[in-house]
Amino acid sequence: MIKIGILGDIGSGKSFVAKAFGYPVFNADEEVSKLYQKDRKVYLKLRRKLPKYISTFPIKKKEISKAIISKRTNLKKIIKIVHIEIRKKMKLFINRNKNKKIVILDIPLLLENRINQKRDILIFVDSKKSQILKRLKKRKNFNNDLLKLFKKVQIPLDYKKNKSDFIIKNDFTKKTLKKSVRLILNKILK
């Protein structure tokens with residue numbers, strides 16, 4: 001099985017690119033949302049660590065955002081609890097798809113949390129900052145302060161770009177993306 005990790009800036013279109021490959025995708029952001037909605041154990045752990053902020057189940061994203069903005073160390077507390085569960089879910093995903101030729105890992109903190117392995121293929125999604133900001137501002141819960149905090153826990157983009165096996169210039173059009181994906185798959189599957 002070939003594992004492809006998708007890297008890039010927040011809002012660069014990593015999920016858009018991941019889906020374009022046409023193989024099973026593990027989307028960590030979606031899995032985190034499911035945890036907040038359905039996992040009572042995660043709720044209880046977060047409530048124990050952040051009683052001032054986490055008070056309802058299912059967990060509201062507003063509560064998480066407020067906790068992170070209020071105190072920078074809260075983000076680390078949340079990550080510590082949530083990432084253990086995400087790793088478990090990723091392992092299940094990989095086991096379920098072990099007979100697939102390729103799986104795609106759409107995990108924002110892939111390198112930061114050392115989730116990737118040496119033989120995994122890394123693809124960096126490169127997008128113009130102006131396009132990224134325009135897209136982020138369209139998001140329902142866009143918060144610039146939160147964005148800055150998330151960027152602080154991330155490895156610099158230049159490092160991610162240099163570590164990558166391939167770079168996709170994402171102009172957010174399906175035609176250009178399909179061509180880039182086809183070229184990469186041709187090289188990988190030779």
Side-chain angles (χ1 to χ4, degrees), residues 3-19 24-96 103-117 120 122 124-125 127 129 132-133 135-160 163:
K3 286 188 279 178
I4 297 176
I6 307 293
L7 308 174
D9 200 359
I10 297 167
S12 63
K14 293 182 298 294
S15 298
F16 177 62
V17 169
K19 288 176 191 163
V25 176
F26 179 79
N27 182 312
D29 286 343
E30 285 177 11
E31 293 301 325
V32 168
S33 290
K34 288 179 196 173
L35 283 179
Y36 291 160
Q37 295 302 305
K38 299 175 182 170
D39 196 317
R40 223 168 189 19
K41 282 190 258 177
V42 168
Y43 160 70
L44 293 171
K45 286 177 185 176
L46 286 171
R47 186 180 164 115
R48 216 172 298 125
K49 288 281 182 191
L50 303 163
K52 217 167 128 181
Y53 307 99
I54 310 299
S55 59
T56 59
F57 183 77
I59 300 168
K60 292 180 177 70
K61 283 206 174 178
K62 281 182 187 176
E63 292 178 345
I64 296 289
S65 299
K66 196 173 182 181
I68 293 168
I69 290 170
S70 299
K71 199 173 180 186
R72 192 175 169 184
T73 56
N74 287 345
L75 178 58
K76 289 179 181 164
K77 290 176 185 176
I78 294 165
I79 287 172
K80 204 172 185 181
I81 292 166
V82 170
H83 282 229
I84 291 168
E85 298 304 318
I86 294 303
R87 278 181 190 267
K88 288 178 194 171
K89 293 202 176 284
M90 185 189 75
K91 284 179 183 171
L92 284 171
F93 166 82
I94 289 170
N95 273 344
R96 259 196 325 271
V103 293
I104 311 294
L105 303 176
D106 179 7
I107 303 172
L109 298 175
L110 185 80
L111 295 183
E112 289 82 351
N113 290 311
R114 295 180 179 93
I115 295 171
N116 64 304
Q117 296 171 336
D120 293 350
L122 299 176
F124 185 84
V125 179
S127 302
K129 293 219 181 296
I132 290 172
L133 198 58
R135 291 189 46 183
L136 287 173
K137 286 180 178 177
K138 287 180 184 175
R139 288 185 182 177
K140 193 169 59 176
N141 299 324
F142 175 73
N143 182 318
N144 204 38
D145 294 332
L146 205 55
L147 181 67
K148 287 175 188 172
L149 285 171
F150 282 130
K151 284 189 180 246
K152 282 182 183 175
V153 298
Q154 291 189 335
I155 291 172
L157 292 173
D158 288 342
Y159 177 83
K160 289 182 178 185
K163 278 282 190 198

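Taking each heavy atom of Val25 and Ala18 in turn, the nearest pair found is CG2-O, 3.5 Å. Asp29 and Pro108 get closest at one heavy-atom pair: OD1-CG, 3.4 Å. Taking all atoms of both residues into account, the shortest heavy-atom contact from Val125 to Ser12 is CG1-O, 3.3 Å.
The CZ atom of Arg47 sits 10.5 Å away from the CD1 atom of Ile59 when rounded to the nearest 0.5 Å. Summarising the geometry, atom CD belonging to Glu30 is positioned 10.5 Å from atom CD1 belonging to Ile86; distances are rounded to the nearest 0.5 Å. In this structure, the separation between CD1 on Ile68 and NZ on Lys61 is 10.0 Å, given to the nearest 0.5 Å. For the atom pair CG of Leu157 and CZ of Phe124, the computed distance is 4.5 Å after rounding to the nearest 0.5 Å. In this structure, the separation between CG on Leu122 and NZ on Lys160 is 10.5 Å, given to the nearest 0.5 Å. We find the CG-CZ distance between Leu92 and Phe26 to be 9.0 Å, quoted to the nearest 0.5 Å.
Listed by chain and number, the residues in a side-chain contact (heavy atoms from CB on, under 4.5 Å) with Leu44 are Arg48 (sequence neighbours excluded). In terms of the side-chain contact (heavy atoms from CB on, under 4.5 Å) criterion, residue partners of Lys60 (sequence neighbours excluded) are, by chain and number, Thr56, Glu63. Contacts of Ser15 classified as side-chain contact (heavy atoms from CB on, under 4.5 Å), with partners at least two apart in sequence or in another chain: Asn27, Asp106.
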Only pairs under 3.5 Å count here: list side-chain donor-acceptor contacts from residues 35-42, not counting sequence neighbours, and write none if there are none.
residue : atom : partner : partner atom : Å
Asp39   : OD1  : Lys41   : N            : 3.0
Asp39   : OD1  : Val42   : N            : 3.1

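Among residues at least two apart or in separate chains, side chain to side chain donor-acceptor pair (under 3.5 Å) pairs with a member in residues 84-95 are Glu85-Lys88. Residue pairs that meet the side chain to side chain donor-acceptor pair (under 3.5 Å) test with at least one member in residues 72-82, sequence neighbours left out, do not exist here.
Test Leu50, Val32, Ile54 against Ile78 for side-chain contact (heavy atoms from CB on, under 4.5 Å) and you get one pass: Leu50.
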